[in-house]
Amino acid sequence: MKILLGADHGGFELKEQLKSILKSEGYEIEDAGNLIYDAKDDYPDFAIAVAKKIANNEAEKGIIICGSGVGASIAANKIKGVRACVCHDTYSAKQGVTHDNMNVLCLGGRIVGVEVAKELALGFAGSVFSNEERHKRRLAKVLALE
Ligand code: RB5
């Protein structure tokens, strides 16, 4: 599976660490930037770059990292077809996919360390939407708003 990564300066270091981890776990990675550490960069640039690629079906899932994960999720959710959420617990990182078909995980590089982020990313990446009737019905009500 291909996973898109994106991060501003608040998430750059964690993005680089997750990139190596996910590659070693066999995932194909595309890095939508920032490709260098720039203390003055802006999270929407990378969140939206990832979100647009998800919306264009260039990858099934994305992980966006900013300082808190909050700005990244607000920005990414502006793009139709993107279901992004900050998850700093593994239950939500998995259930967000199985129940809600979350396709972008947002992390705070100033909130979680690399080991927790690894568990979150692998839980997210390894989960699939249940396709159960009740989950499809609820998701349809959300998608009707787009
Ligand atoms: C950047 O300093 C910080 O505001 C940003 O990374 C993010 O945390 C916003 O939600």
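Sequential numbering from 1 along the given sequence is applied to the chain's residues. Only heavy atoms go into these numbers, but all of them, side chains included; no hydrogens, no water, no symmetry mates. Source: prediction; values computed, not measured. Counting starts at 1 for both ligands and their atoms, in listed order.
Distances from atom 7 (C) of ligand 1 to the heavy atoms of A72, G11, C66 show the closest one on C66. Within the set S68, A47, S73, P44, the minimum heavy-atom distance to atom 8 (O) of ligand 1 is found for S68.
Heavy atoms of other residues, nucleotides or ligands lying less than 6.0 angstrom from CD of E13 number 12 at most. By the neighbour-count criterion of 12 heavy atoms within 6.0 Å, atom NZ of K52 is sparsely surrounded, having that number or fewer from other residues, nucleotides or ligands. Taking a 6.0 Å sphere around NZ of K2, one finds it holds more than 12 heavy atoms contributed by other residues, nucleotides or ligands.
Of the N or O atoms in Y43, none lie within a sub-3.5 Å distance of an N or O in ligand 1.
Each of the following atoms of ligand 1 lies closer than 4.0 Å to a heavy atom of G67: 5 (C), 6 (O), 7 (C), 8 (O). Per-residue contacts place D8 under 4.0 angstrom from the following atoms of ligand 1 (heavy atoms of the residue considered): 1 (C), 5 (C), 6 (O). Those atoms of ligand 1 that come under 4.0 Å of a heavy atom in H9, given as number and element, are 1 (C), 2 (O).
Taking atom 10 (O) of ligand 1 as the reference point, the nearest protein heavy-atom neighbour is G71 N, 2.8 Å.
For atom 4 (O) of ligand 1, the nearest protein heavy atom is 4.0 Å or more away.
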Side chain to side chain contact (heavy atoms under 4.5 Å, CB included) between L122 and E25, worked out: CA-CA 9 Å; L122 293 178; E25 293 284 337; 3.8 Å; yes

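Cation-pi contact between K94 and F124: absent, since separation from the ring centre below 6.0 Å together with deviation from the ring axis within 45° is not met.
Judged by distance alone, the side chains of D38 and H9 never bring a donor and an acceptor atom under 3.5 Å apart.
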